[in-house]
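Provided herewith is a single structure, encoded as structure tokens, for subsequent inquiry.
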Amino acid sequence: MQSKFDPFETALDEARALTLLREATRGAEDGELFLERRRAEALHFDDGRLKTASYDASEGFGLRAVNGEVAGYAHSTEISESALKRAVETARLAVGQGGGTLAEPPRATNQRLYTDADPIGGTDFPVKIDTLREIDAFARDLDPRVVQVSASLAASMQEVVILRPDGTRIMDTRPMTRVNVSVIIEQDGRRESGSAGGGGRVGLDGLIDPKDWQDKAREALRIAKVNLDAVPAPAGQMDIVLGPGWPGILLHEAVGHGLEGDFNRKGSSNFTGKIGQQVASKGVTVIDDGTIPDRRGSITVDDEGTPSGKTTLIEDGILVGYMQDRQNARLMGVAPTGNGRRQSYAHAPMPRMTNTYMAGGDSDPADLIASLKDGLYAVGFGGGQVDITNGKFVFSCTEAYRVENGKIGAAVKGATLIGDGATAMMQIRGLGNDMALDPGMGNCGKAGQWVPVGVGQPTVLMGGLTVGGSAA
């Protein structure tokens, strides 16, 4: 068992570090010393054998001084007083002559949203290998058409310590685990694949339980079988019903990024200046919530030390708020929302989503599907592209079905959904009573930084999207 990460016990004198931090932020409006240790393990079992096994460990610090719109940032893999002194010189370049008044520190919190148990060392290595081997054998036994199985197991532990200029020290220990299963089946010379997975800020115990991974293997096979019978997708303007849970990735990308504070402060978002205006159909409420226990996107505190929050962004179709870090909140004259996140100590924080979802409605999902005369029922999504400035998106469907006269018909393959977030939100015609979060597999990229996130939504009836397909 590895000892707890406490750099002020092993590498730095806390009083000296605080003195240097105060020197870096003298005359600034904000800043912090962010120290981190991260460990990560990943195992990949493919084609009947262990293909790769990796273990990575890193630690370092990032020092930031913020003055107005300018931020000075320096980071180092060496946690020492000499490295910190060099970082102070760099960070102070942003402060200049100063003149700023140091902002109030974040409020304290005693909440704990996830375990601090070690997800890597908590399970013996041979047990992990045996689990992957069992997944492989189980998936192959499910159907004689299975020709390839891939199974992966990943676990990481991020430990952070944040020292603020007022002397506040904030600590957080963030576990993360995930199991994925993919299968390929073959019939009459045609091969199709399916995959399923998930996890969260939990230990590995639950994920290596046979009941959990067997369900994932069955789901991966189900999707592969659906794809095996799929026909080419139609093309044209159609009404769409989006399934619950993971399809919320479309909301995340097409709308969520546009509701981050920095894009709106700079005027580059399609939602800039629209607080108080209707931006979605009546009944649509969108929330970013980092306080859901054990979820992949949850954080006890953000990477500036602000406790995470539950922030309503759109309420009954009206835009009511943005996601904020400390710098953009201060510049926009609002309170931070606990959304200041960074990939690692080598990156400065910025406004980022946590778990972003659309609240459920009161419609029976079956009734929403029955109302479709000619359209698609899309329940799985793969990759997509979005332009933040106008919300235009293109998303590929990994599982979708043709619906005619209210009846779900053949599965289709090769379908893409094309539209823009602002228009799509105004064309929502019905919300199911089945709101669900995704199984815990989202990663979000922004400005070269990646952080884990969650998404969710109920069944959604949306009108007038363009479907790209290959059917004649």
Side-chain angles (χ1 to χ4, degrees), residues 223 226-227 230-260 263 268-272 274 278-281 284 286 314 317 319 353 356-358 368-369 371-404 408-432 438 442-446 453 455-472:
I223 295 171
V226 167
N227 290 330
V231 299
Q237 199 87 355
M238 292 186 183
D239 292 345
I240 306 293
V241 171
L242 303 173
W246 177 244
I249 189 66
L250 192 152
L251 171 75
H252 169 102
E253 293 288 1
V255 177
H257 278 296
L259 298 177
E260 292 169 336
F263 291 130
S268 58
S269 167
N270 195 44
F271 294 100
T272 298
K274 294 185 178 179
Q278 184 175 3
V279 296
S281 297
V284 173
V286 177
I314 299 172
L319 180 62
M353 285 174 274
T356 310
Y357 61 90
M358 186 184 298
L368 297 179
I369 296 172
S371 70
L372 269 188
K373 298 303 180 187
D374 184 19
L376 284 186
Y377 176 43
V379 296
F381 284 91
Q385 293 182 333
V386 179
D387 185 334
I388 301 300
T389 60
N390 55 31
K392 290 184 178 179
F393 60 80
V394 178
F395 275 90
S396 61
C397 299
T398 56
E399 183 182 359
Y401 302 85
R402 187 71 184 269
V403 179
E404 295 179 290
I408 298 177
V412 298
K413 64 178 301 182
T416 58
L417 301 186
I418 304 166
D420 71 85
T423 301
M425 292 290 282
M426 294 295 288
Q427 292 179 329
I428 293 175
R429 299 175 185 168
L431 297 172
D438 75 284
N443 286 306
C444 174
K446 176 180 176 181
V453 296
V455 301
Q457 67 173 41
T459 296
V460 177
L461 172 60
M462 185 178 292
L465 287 182
T466 299
V467 176
S470 58

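These values consider heavy atoms only, across backbone and side chains, with no hydrogens, waters or symmetry-generated copies.
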message: Less than 4.5 Å apart, side chain to side chain, heavy atoms only: is that true for Thr356 and Val455?
response: no
task: Side-chain contact test, heavy atoms from C-beta onward, threshold under 4.5 Å: evaluate it for Leu242 versus Leu417 and give yes or no.
output: yes
Value rounded to 0.5 Å, distance of CG in Leu368 from CD1 in Ile240: 13.5 Å
query: With sequence neighbours left out, what residues match Asp374 under salt bridge (charged side-chain N to carboxylate O under 4.0 Å, His left out)?
result: Arg402
message: Please check this pair: side chain of Ser281 against backbone of Met426, looking for a donor-acceptor N/O pair closer than 3.5 Å.
response: yes
- request: Compare every heavy atom of Ala254 with every heavy atom of Phe393, then report the nearest pair and how far apart it is.
  value: CD2-CB, 3.4 Å
query: Hey, is NZ on Lys392 packed in by over 12 heavy atoms from elsewhere, all under 6.0 Å?
result: no
statement: Correct closest heavy-atom pair for Ile223 and Thr398 would be CG2-O, 4.5 Å
field: Main-chain N/O of Thr459 paired with Gln457 side-chain donor or acceptor, under 3.5 Å
entry: no
query: Hey, is the main chain of Gly419 close enough, under 3.5 Å, to the side chain of Thr466 for a donor-acceptor pair?
result: no
query: How would you list, by chain and number, every residue that makes a side chain to side chain donor-acceptor pair (under 3.5 Å) with His257, sequence neighbours excluded?
result: Glu260
message: Which heavy atom of Ala230 sits nearest to which heavy atom of Val412, and what is that distance?
response: CB-C, 3.8 Å
task: Please tell me if the side chains of Asp438 and Tyr357 come closer than 4.5 Å, counting only heavy atoms from C-beta onward.
output: no
message: Are the side chains of Met353 and Leu259 in contact, using a 4.5 Å heavy-atom criterion?
response: no
- request: Ignoring hydrogens and angles, tell me if any N or O in the side chain of Gln237 forms a donor-acceptor pair with the backbone of Gly464 under 3.5 Å.
  value: yes
- request: Taking all heavy atoms of Leu372 and all of Val241, pick out the closest pair and write down the distance.
  value: CD1-CG2, 3.7 Å
message: Taking salt bridge (charged side-chain N to carboxylate O under 4.0 Å, His left out) as the definition, give me every residue that meets it alongside Glu399, ordered by chain and number, with sequence neighbours left out.
response: Arg222
query: Tell me, do Met358 and Val255 make a side-chain contact under 4.5 Å, heavy atoms counted?
result: no
- prompt: Any side-chain heavy atom of Val460 within less than 4.5 Å of one from Val284?
  reply: no
message: Using a 3.5 Å distance criterion without hydrogens, assess whether the side chain of Trp246 forms a donor-acceptor pair with backbone atoms of Phe381.
response: yes
field: Nearest heavy atoms of Ala235 and Gly469, plus distance in Å
entry: CB-N, 3.7 Å
query: Is any side-chain heavy atom of Ile314 less than 4.5 Å from a side-chain heavy atom of Met425?
result: yes
message: Tell me the closest heavy-atom pair linking Asp239 and Gly463, and the distance in Å.
response: OD1-CA, 3.3 Å
Between NZ on residue Lys373 and CD on residue Glu404, distance to nearest 0.5 Å: 12.0 Å
task: Would you indicate whether the side-chain heavy atoms of Asn390 and Asp420 approach each other to under 4.5 Å?
output: no
Nearest-0.5 Å distance, CG of residue Asn227 to NZ of residue Lys413: 6.5 Å
Rounded distance [0.5 Å steps], CG in Asp387 versus CD in Glu253: 12.0 Å
